Amino acid sequence: MKDRYDYLVIGSGPAGHVSAIKAAQLGLKVAVVEKDAEMFGGVCLNEGCIPAKSLYNSARIFDLLRMGPELCGLEAQCGGVDMARLVKKSRDAALQLRKGLSFLFKKNGIDLVKGMARFIDSGTVRVSGEAGEPFSVKAKNYLIATGSTPKALPGIDLDGKNVITSSRAIRLEKVPEKALIVGGGAIGAEFASFFDLIGAEVAIVEIEDALLPGEDREVSKCLESVFKRKGMTVHTSSRVTKASVKGDRVTVKIKGGKGEQAGDYNVVLVSVGRVPATSGIGLEEAGIEADGGGFIRVDPGMRTNVKNIYAAGDVLRTPMLAHVASAEGEAAAEAVSGNKPEPVDYSAVPNAVYTQVQVASVGVTEEAAKREGLDFSAGKQFFKAGGKAVVNSQPEGFIKVIADNRTHRLLGAHIIGHEAAELIHEFIVAKTAGLKVEDIARSVHAHPTFSETAVDACRAVFGRPVYG
């Protein structure tokens, strides 16, 4: 390890490691400081996206086997879920990806420094390592990519056993008999689906008047309907006022439109958002400006108010998504290398929620379009009108398209249905390229596919769908 670098990245998550690799490819001498060796690759790889989706995929397969007679006449004997095996598979997936990332660091000549970094001034960081005395490292430029941590909720004390965050939920030893999810955003909705698939009795509480409050309201209501039909209890416009642990049970009080009610649960998962992990890294010593919530201010090139220090990922007041962090990290690397990066187009960033019936979106919702006074039209097509949805027994949901009345350009697309997270990307390309909905409507899609529903959804905006 050198004591002087062109670019020192603090944090190895999606923002940090993508930025480091890109900068090294552009010819810079790069190091990455990671405080926890077991978290190399960041939260997404180790405690978020990757292990959570592995668990969910295993649960989905279990559910398909359980539904075998109904789906395809397959008689299968399904016992209970072996959580230890599900968790091991998810940990193995994370380990495999960590090894791949380690290889990329070596391939690109990136030094990995283990320890906690703190700015002494704008040109120096002090690293407190796992062993040995603290040491100083200097660099011409820095990237702050320290990510985020789960947000606490007043009145609920996390004990790490029965009252937990998603970081603990991915390592549960057994299937909970009853689970309460506090927070109906993406993470909460995904874990509600997971627990339901593996046989838990699930309830979910959301303080707003709909699940996934940032999504189009028709999509949110459809997901709520799906959850209820699956047997889940949904409390919207409600909040948890108290949670008391007694042995292996948690007594929870929920206040909503019907007054206050109490219930007992084995597991309470708190998922009410995340906060930037910027405390304790020496922002003041480096002269870096942050807002009242601890988020760092940057320009379109990810540069902070200190000219040689950049920031990317969850430490910014931008969507807390791994793919956003990666894009921001890449932009920072380009800027540090002397290039002029394309600003991240946040209006064309996809959201994806991996529930039993997936949700994905890009651009404005119908509600936002009305609030902003946009002149728009919306069209919709249901998957049940498509052959692939019927033969695959996945008829749930729809695609909704919003377009400008004058230009016919795509303003937003909202999908709830099978593999929505995969289907959203042609709309990402269309929005990025400034295409009209007619450009999608007249493009020939393979039949039978789920994606051909996009054609009729676009036709429905200013005309009529063939199968509508």
Side-chain angles (χ1 to χ4, degrees), residues 185-186 208-223 300 316-321 323-324 327-328 331 342-353 357-383 385-386 397-445 449-468:
E208 301 292 342
D209 61 357
L211 298 177
L212 304 181
E215 296 291 341
D216 188 270
R217 193 50 52 94
E218 280 191 276
V219 169
S220 298
K221 290 299 183 184
C222 183
L223 183 67
L316 308 184
R317 199 175 282 280
T318 55
M320 286 187 171
L321 299 167
H323 44 284
V324 171
E328 292 170 343
E342 284 288 332
V344 178
D345 182 2
Y346 296 104
S347 73
V349 165
N351 293 313
V353 185
V357 180
Q358 288 185 7
V359 171
S361 63
V362 63
V364 298
T365 64
E366 186 168 358
E367 294 73 32
K370 289 176 180 176
R371 285 196 306 270
E372 294 171 20
L374 301 181
D375 182 19
F376 72 94
S377 292
K380 183 169 59 178
Q381 178 62 305
F382 293 90
F383 284 109
F398 56 84
I399 298 179
K400 181 177 182 178
V401 177
I402 299 170
D404 183 273
N405 277 336
R406 183 179 63 84
T407 65
H408 288 202
R409 286 186 175 182
L410 181 72
L411 296 175
H414 308 276
I415 308 175
I416 179 166
H418 182 66
E419 297 292 0
E422 301 293 338
L423 299 176
I424 194 63
H425 292 99
E426 73 173 291
F427 293 105
I428 305 297
V429 173
K431 193 166 191 322
T432 301
L435 299 182
K436 299 177 181 181
V437 291
E438 289 88 350
D439 293 323
I440 298 175
R442 65 170 171 261
S443 61
V444 179
H445 286 52
T449 58
F450 285 93
S451 62
E452 64 184 324
T453 301
V455 172
D456 259 359
C458 287
R459 285 172 176 157
V461 179
F462 298 112
R464 296 185 64 182
V466 171
Y467 297 102

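Because the structure is a prediction, the values reported are computed rather than measured.
Here the OG-CG distance, from Ser361 to Asn351, works out to 4.0 Å after rounding to the nearest 0.5 Å. Note that the CZ atom of Phe427 and the CD1 atom of Ile399 stand 5.0 Å from one another [nearest 0.5 Å]. Note that CZ of Arg217 and CG of Leu211 are 10.0 Å apart. Values are rounded to the nearest 0.5 Å.
The shortest side-chain heavy-atom distance between Leu423 and Phe383 falls under the 4.5 Å cut-off.
Residues Phe462 and His408 place their aromatic rings such that the two centres sit under 6.0 Å apart.
Legend: side-chain hydrogen bond (donor to acceptor under 3.5 Å, both in side chains) pairs involving residues 454-468, not counting sequence neighbours, sorted by first then second residue: Gln381-Asp456, Asp456-Arg459. Sorted by first and then second residue, the salt bridge (Lys or Arg N to Asp or Glu O under 4.0 Å) pairs with a member in residues 420-442 read Asp439-Arg442; sequence neighbours excluded. For residues 359-382, the pairs satisfying ring pair (Phe, Tyr, Trp, His ring centres under 6.0 Å) are Phe382-Phe398, with sequence neighbours left out.
When the side chain to side chain contact (heavy atoms under 4.5 Å, CB included) test is applied to Arg409, the partners found at least two apart in sequence or on another chain are Thr407. With sequence neighbours excluded, the residues that form a side chain to side chain contact (heavy atoms under 4.5 Å, CB included) with Val324 are Thr318, Pro319, Leu321, Glu328, Tyr346, Val349. Every residue two or more places apart in sequence or in another chain that forms a side chain to side chain contact (heavy atoms under 4.5 Å, CB included) with Ala460 is listed here: Pro465.
Only one option out of Val362, Ile424, Val359, Ile402 pairs with His414 in a side-chain contact (heavy atoms from CB on, under 4.5 Å); it is Ile402.
The residues Arg371 and Glu367 are annotated as not salt-bridged, no charged nitrogen and carboxylate oxygen being separated by less than 4.0 angstrom.
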